[in-house]
Amino acid sequence: MAFISTGYDPKKPMENRITDIGPRDYNEFYPPVIAKNKGKWSHHEILEPGVLVHVADSGDEVYTVRVGGARLMSTTHINEICEIADKHCDGHLRFTTRNNVEFMVDSKDKLEPLKNDLASRKFDGGSFKFPIGGTGAGITNIVHTQGWIHCHTPATDASGTVKASMDALFADFQDMRLPAHLRVSMACCLNMCGAVHCSDIAILGYHRKPPMLDHEYLDKVCEIPLAVSACPTAAIKPSKQTLADGTEVKSVSVKNERCMYCGNCYTMCPSMPLADTEGDGIVLMAGGKVSNRISDPKFSKVVVGFLPNEMPRWPSMTAAITRMVEAYAKGANKYERLGDWAERIGWEKFFEACELEFTHHLIDDFRQQAYMSWRQSTQFKF
Amino acid sequence: MAFISTGYDPKKPMENRITDIGPRDYNEFYPPVIAKNKGKWSHHEILEPGVLVHVADSGDEVYTVRVGGARLMSTTHINEICEIADKHCDGHLRFTTRNNVEFMVDSKDKLEPLKNDLASRKFDGGSFKFPIGGTGAGITNIVHTQGWIHCHTPATDASGTVKASMDALFADFQDMRLPAHLRVSMACCLNMCGAVHCSDIAILGYHRKPPMLDHEYLDKVCEIPLAVSACPTAAIKPSKQTLADGTEVKSVSVKNERCMYCGNCYTMCPSMPLADTEGDGIVLMAGGKVSNRISDPKFSKVVVGFLPNEMPRWPSMTAAITRMVEAYAKGANKYERLGDWAERIGWEKFFEACELEFTHHLIDDFRQQAYMSWRQSTQFKF
Amino acid sequence: MAKHETPFLDQLESGPWPSFVSDLKQQAEVRAKNEKGVEFQIPQDCVDDLLGIVELSYKHGRTHWKHGGIVGVFGYGGGVIGRYCDQPQAFPGVEHFHTMRVNQPAGKYYTTDYLRKLTDLWDFRGSGVTNMHGATGDIILLGTTTPQLEEVFWTLTHDYNQDLGGSGSNLRTPADCLGQSRCEYACYDTNALVHFLTNEYQDELHRPAFPYKFKFKLDGCPNCCVASIARSDMSFIGTWKDDIRIDQDAVNKYVENDAAYPANAGAHKGGDWGPFDIEKEVIALCPTGCMKFENKKLAIDNANCTRCMHCINVMPKALKIGKETGCSILCGAKAPILDGAQMGSLLVPFIEVNPDNDYEAITEVIENIWDWWMEEGKNRERLGELIMRQGFQKLLEVTGIEAMPQHVQYPRTNPYIFWKEDEVTGGWERDVEEYRKHHQR
Amino acid sequence: MAKHETPFLDQLESGPWPSFVSDLKQQAEVRAKNEKGVEFQIPQDCVDDLLGIVELSYKHGRTHWKHGGIVGVFGYGGGVIGRYCDQPQAFPGVEHFHTMRVNQPAGKYYTTDYLRKLTDLWDFRGSGVTNMHGATGDIILLGTTTPQLEEVFWTLTHDYNQDLGGSGSNLRTPADCLGQSRCEYACYDTNALVHFLTNEYQDELHRPAFPYKFKFKLDGCPNCCVASIARSDMSFIGTWKDDIRIDQDAVNKYVENDAAYPANAGAHKGGDWGPFDIEKEVIALCPTGCMKFENKKLAIDNANCTRCMHCINVMPKALKIGKETGCSILCGAKAPILDGAQMGSLLVPFIEVNPDNDYEAITEVIENIWDWWMEEGKNRERLGELIMRQGFQKLLEVTGIEAMPQHVQYPRTNPYIFWKEDEVTGGWERDVEEYRKHHQR
């Protein structure tokens, strides 16, 4: 494993340095039919789950096959995607915002071979490599964060909760039976690197214990002022601590009841870890949307205050999600998003229909906006 | 004008003292038909503006004639009310929440003489003493505060603005042509002794200048700590001041840009007056309601940021109110309250329809709830 | 001949609406003539001076009243508002001009006999100027001098069996709609409950023990004619739990536009709205869409009804409130100052209104709330502001009420749940050395 | 033969959804075999160790990653995220395991040629594990060591004409929907604008000069497929000012349930919704009620249309966006932390998107906002929080935009207007002695 240099010389970092060149020009990457008809598309149709056709004013058509997959992706897997794109799509493909892969062909006769090829590929473990779906009034891929794969503050895993959820929701990935599309999102702690606060269903990792304090090391590895200022609720103060051996050290103290377990302090100071087997788990939110269609965009609401981490498949979580999806499928009107449905029937009926327990944790007590969520009306259902 | 004592002896205040006896028992005051049928009313009908009939399960009927009037009322006027009630109503009457007077008779044949009597009475100045109306889909009496008649912090008059407004709206007091009832309320400063924050149209007196400081007298007539703590925005601080003659006195200073002109400090400290001929005037609000009918109760919104005090009839104010009423009468659906109409067409169209100017003052900047009033949507009308 | 020229006010005598100026002028004249031979205990020309000083305000665009010092009757912390004018030489009749608040009867029914006693007293010992009524609900006697306060109080209590109302950091005079006395929508007897509460809490009404003012208002139904949801710290609004009662024949009379069945009880008679259309005016406007009219039959899915009153208001001869009635309690309403307006937030979806046990279910909620507010409320902090500061969850805790989805319009949109240590398995104390066995520094 | 036992992870290989565990295992095996003879610059068994350490997290229910110190490439303040594991002895292959963010192309179109270059590089100098793509939009290269960072950067810039993305208190990598490249709803060329902005603001993207992170996201239409309104400090959402274009013949094809005209472009094919009903599915769901279908003719009152896209989405062959297109700009969206979530608030209802003048109307708004935020924003204060703290009126002031009712959902409900002294006749300075001439103490 000898180090092989590109030519970069750490002693002369500016020599031949190229910077600020930005991304590659998208024009280099468009498939020809896209480049030709850009800005001149007439309409589209979802032919079947995962398969779309877009028709241009020119009469040109582009057929798209959308496949799901893990956003965590090996080069081996990417190379396989390239192999398929070379074989069927003249070496072009694209990714969607929700981590699907789209293979495009410019005539209908190329569609079946492509679909068959994609559907036939499976991992050794048995799962599909390229399941076709994720369109229309169904459930598409879950956007998510890193979790235990690569993050220092997660309260749960991301890839695992997503895999467990998508297995449970797989039929709806490949179908379009729902009243409207349903977006599931996942963030592994409340910093929400992937903002999930406007999703039909959001899975959120959540700590419930304030940080431990590694007093012996804290002042050695942390800048105490940075740790103090990292706290959004001003719960951290500098303090002197006496260790077991009697030595006095500079450290911090935490006002536990003010802590909202965000882990910002741990980011600044490794001597303040907060992960905990029993403390950590899942919050479920529901009813958000980003589209302006029919109703305004809206925030998701907390509908399950806490579920424990149940590795490896989080059955309580997937059961709650499935109950929400089924109640929605049964109760909502055509075109009605999950949150619009909940508002129409009233959240009290939502909890009933989804068999979810309402607890005091779900009543807002954050800032004065909380007031807006309480009920200033005699209009409610018993 | 010799002092005539009841028997109260200031030196022995507890002697024969009676306290804590509460109000008179309402049962003493019910007209017989009310006492008999209480809790057993079947239905009612508004026969014509200002005239109602309530029908009991027993078949009994009570006819009510509602008349408007100033809530500022002399004993002479009350005695005249009593004279009418004795003549037609066996000595009974009632007042409504909105300062109307209701005369009740227990049979239909007593109605016409009562109505004729009421309608015939006028003040020497020409105005009606007992105009019949104030029911159904019209405009009823304006609830209001004291204003210049009896208050130390008003920014405008109450009785005068109300008289001017009701003269302008009089036809709708005696008619029921509107899409729904329309409630107008008036408060002479933002302390809102009469809370007007949930009215279809609200007239609000408003100061715009911070208090003057009468440094020479302030410490003599005020408790400085009380003045300081009276300020809701913490704009007042104790300070030392040097008078023209060089003497140094204890006083306060006011951070003017933090002042919201509420007059709380003046209530605590007469050396901090804030009334001003040019600074004071009127804010108009619109679109509130308290009923839970169809839609939830809602707050009024500020639709005119400022109008000057134009004594004695506030023509700019009554013109703006009239424009709102007429636009509402023209644009709203049957049963639609003013605020529901504005929300349905969008506030941008409300300003257009009512020919009101939108200014930056109307954009909320008070506390974090302000955010909820900004537009988080691409849904708007050009 | 008027004592003061009032060119501004004179202009407010014209126009159809009853003129307060004309009324004050007639009062000034009645006092000047004094045909009844009243031995006026305050200046006979006080109403002249009232007109004069108001005229001056119309000229200046500014008030000429000063806040009073502390005046009142012995032992009471409220019921009287001191007031002095800032031009006593020019208007000596209103130099001292205090207000007394008299506790109005439930439903604001009166006999002329009672009112005449009151006017006699106020002519004798006051200005003869009143508000019928003040914004909170009291009878307002407007304008007397300090020595008269105890005298008026003595006559009220000894001869009229009548007490003062509230002001200051007290329970303010409770107020109600007329309720079952003359309204078929009322779900409980507002007059009885308001009278009970006013008497039960006389001490709280007269003696300041609260952080700030506190208001009860009682509405018989969700139409909220007395605006309790916007104007009272505790709002009692009638409601029912069972089904809306339907008279199908009467429904069809409405549908047929029978003249004896005017829609909305005749409230729209002045408009040109065309014939009544049950689909458009009732079914389509139902906020929950829980109604159907098919084959001449009206069906209501009562489980999805939110009792908004619209259909009942529109067809009062055909639809009646349910029979299992009671009230909802909402908390915290207040005007904008100091910390923004609030409407009442639903605390108790349904509670029985039972005079037979002295409304014990209701007084328990009231007293739990007061205990909390008196313990935790800051000076001049309204209940609504305390709820905002400590959270609605805290209100549930102090009242011992279980959280339920009815409490919210929607669940929280932020995930900032502050857990309590005893709610979290294993608590918060942990051994960092144990942790470090699995997680190196 | 796997290096570590992974009984927990193994259970995530079953089920239909693509298993990230299976993929990592295949990757570990490919690296172990190394059939291509790659001279791996980081440990060959790093993916085995990645599986091992994630398995340990599944056992403990806790992460085993530590935050990295400051690592990066020379001169850039972002684009690299340091990462170390807390069990380096057991999993030496992932002791150092940094992330590199690579700026994705607009619309996320790729050629296989480009992707293969990237995988070659990442097999050689990294773990071969990626995210396609990260939450902000970048290509994420997951797992390499510190000495490789400059090497990867060198190859990207010199050989691939490719730069890194943003992280830290920088402009984050802007992201867009595919826009006009393949969508008939797009109101402007999102790919072109996102490419322009990314290049125009390379300095802001690579060198931290902001109080905190800043995101641009570009949606071609109000359907908001890229969630800009929820996820970006400045959100550019396509819209139009003129009329929706109607093909009446095509409308009637939809009404007739012609098989070539499936409602909602076929999105509901899996449900049993019955035949398409234009009244129920379009007219009645229009949020403004501005549509009518009478005598086989669809009429839209465009002055009352709010361009919600529903009718166009339902009948894409019949209805088209207008021709006078541009975008709206909304500001301040962010996730809940620290001070509560915000969605973007409408700042510019309509702005032209004009490549011919380098989008000068848009860059002016951006730069005015940045000037204000860099001047006034506190450390770690997002734009939305600054707007909340200083007020929306201030945002209008710094951008020189007139207030208009489009800016609000509803006007303020409180009357607490803070006037500026120069807005009030006569100013605030007054002579108390003059006042006292009319108002005695």
Side-chain angles (χ1 to χ4, degrees), chain A residues 6 8 13 18 20-24 26 29 34 38-39 41 43 45-46 69-78 82 85-86 91 94-95 97 123 125 127 136-137 148 152 154 159 163 166-167 170 175-177 192-195 197-198 232 275 277 290-294 297 309 311-312 334, chain D residues 8 11-13 15-20 22-23 27 30 57-58 61-63 65 67 74 103 105-106 108-109 112 119 123 128 130-132 135 150-151 154 157 163 180-181 184 191 198-199 202 222-224 226-227 229-231 265-271 273 309-310 316-317 335 338 341:
Chain A
T6 51
Y8 173 75
I18 299 175
D20 299 291
I21 57 172
R24 285 285 284 266
Y26 55 94
F29 292 154
I34 294 293
K38 180 174 175 180
W41 295 101
H43 59 269
E45 184 183 335
I46 306 174
R71 79 162 200 176
L72 184 76
M73 200 176 273
S74 72
T75 49
T76 305
H77 192 67
I78 296 171
C82 291
D86 282 344
R94 72 176 290 271
F95 288 82
T97 301
F123 285 111
S127 64
W148 294 334
H152 65 300
S159 303
K163 163 71 173 155
M166 284 307 293
D167 278 345
F170 190 72
D175 197 359
M176 304 191 293
R177 63 155 183 148
M192 290 196 196
C193 291
H197 56 306
C198 298
T277 304
V290 293
S291 167
N292 292 276
R293 183 175 182 174
I294 304 180
N309 277 326
M311 288 73 74
K334 191 176 178 187
Chain D
F8 273 113
Q11 294 180 59
L12 288 170
E13 289 202 87
W17 186 252
S19 169
F20 70 100
S22 296
D23 189 15
Q27 182 76 351
V30 166
S57 285
Y58 270 68
R62 302 186 302 265
T63 192
W65 297 101
H67 195 278
F74 185 84
N103 195 333
K108 296 199 181 85
Y109 288 90
T112 53
T119 59
D123 284 338
T130 78
N131 289 146
M132 296 296 282
E150 287 287 358
E151 303 297 329
W154 182 280
T157 50
D163 208 336
Q180 294 181 327
S181 73
E184 69 270 26
N191 297 168
T198 308
N199 282 294
Q202 280 289 297
N223 282 324
C224 277
V226 81
I229 200 167
R231 299 190 54 190
H268 283 82
K269 280 177 182 171
W273 301 102
M309 297 299 297
H310 176 64
K317 284 174 122 166
L338 310 174

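Here is how names work: the chains are called A, B, and so on, in the same order as the sequence lines, proteins then strands, and each is numbered from 1.
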Can you say whether [X] sits under 4.5 Å from chain D via the side chain, the backbone, both, or neither, judging by heavy atoms?
X	value
Phe170(A)	side chain
Asp86(A)	both
Cys193(A)	backbone
His77(A)	both

Taking all atoms of both residues into account, what is the closest heavy-atom pair of [X] and [Y], and its distance?
X	Y	answer
Pro154(A)	Thr63(D)	CG-CB, 3.6 Å
Trp273(D)	Arg177(A)	CZ2-O, 3.9 Å
Lys38(A)	Ser181(D)	CG-CA, 3.7 Å
Pro105(D)	Arg24(A)	CB-O, 3.9 Å
Pro18(D)	Ala70(A)	CB-N, 4.1 Å

Hey, does [Y] have a side-chain heavy atom less than 4.5 Å from the side chain of [X]?
X	Y	result
Val290(A)	Arg231(D)	no
Thr157(D)	Ile21(A)	yes
Pro23(A)	Asn199(D)	yes
Thr75(A)	Gln27(D)	yes
Lys163(A)	Phe20(D)	yes

For [X], is it the side chain, the backbone, both or neither that has a heavy atom under 4.5 Å from a heavy atom of chain A?
X	answer
Val30(D)	side chain
Asn223(D)	both
Leu12(D)	both
Thr198(D)	side chain

If I take atom [atom1] from residue [X] and atom [atom2] from residue [Y], how far apart are they, to the nearest 0.5 angstrom?
X	Y	atom1	atom2	value
Asn309(A)	Arg62(D)	CG	CZ	11.5 Å
Asp163(D)	Ile18(A)	CG	CD1	10.0 Å
Met132(D)	Arg71(A)	CE	CZ	12.0 Å
His43(A)	Glu184(D)	NE2	CD	8.0 Å

Sub-3.5 Å donor-acceptor pair from the side chain of [X] to the main-chain atoms of [Y], do we have one?
X	Y	result
Lys269(D)	Ile46(A)	yes
Ser291(A)	Cys224(D)	no
Ser127(A)	Ser19(D)	yes
Asp167(A)	Trp17(D)	yes

key: Partner residues of His152(A) under the ring pair (Phe, Tyr, Trp, His ring centres under 6.0 Å) criterion, sequence neighbours left out   = Tyr266(A), His67(D)
ask   = Considering residues at least two apart in sequence or located in another chain, which fulfil the ring pair (Phe, Tyr, Trp, His ring centres under 6.0 Å) criterion with Trp148(A)?
value = Tyr58(D)
So which of [options] has the largest heavy-atom pair count under 4.5 angstrom toward chain A?
options	result
Asn103(D), Asp23(D), Thr119(D)	Asp23(D)
Glu13(D), Lys317(D), Gln202(D), Gln180(D)	Gln202(D)
Val226(D), Thr130(D), Ile229(D)	Thr130(D)
Pro16(D), Ala341(D), Ala227(D)	Pro16(D)
Ala265(D), Ala135(D), Ala106(D)	Ala265(D)
Ser22(D), Pro316(D), Gly270(D)	Gly270(D)

Could you tell me which of [options] has the largest number of non-hydrogen atom pairs under 4.5 Å with chain D?
options	result
Pro232(A), Ala85(A), Ala195(A), Cys198(A)	Ala195(A)
Pro297(A), Ser159(A), Gly194(A)	Ser159(A)
Ala275(A), Gly136(A), Pro13(A)	Pro13(A)

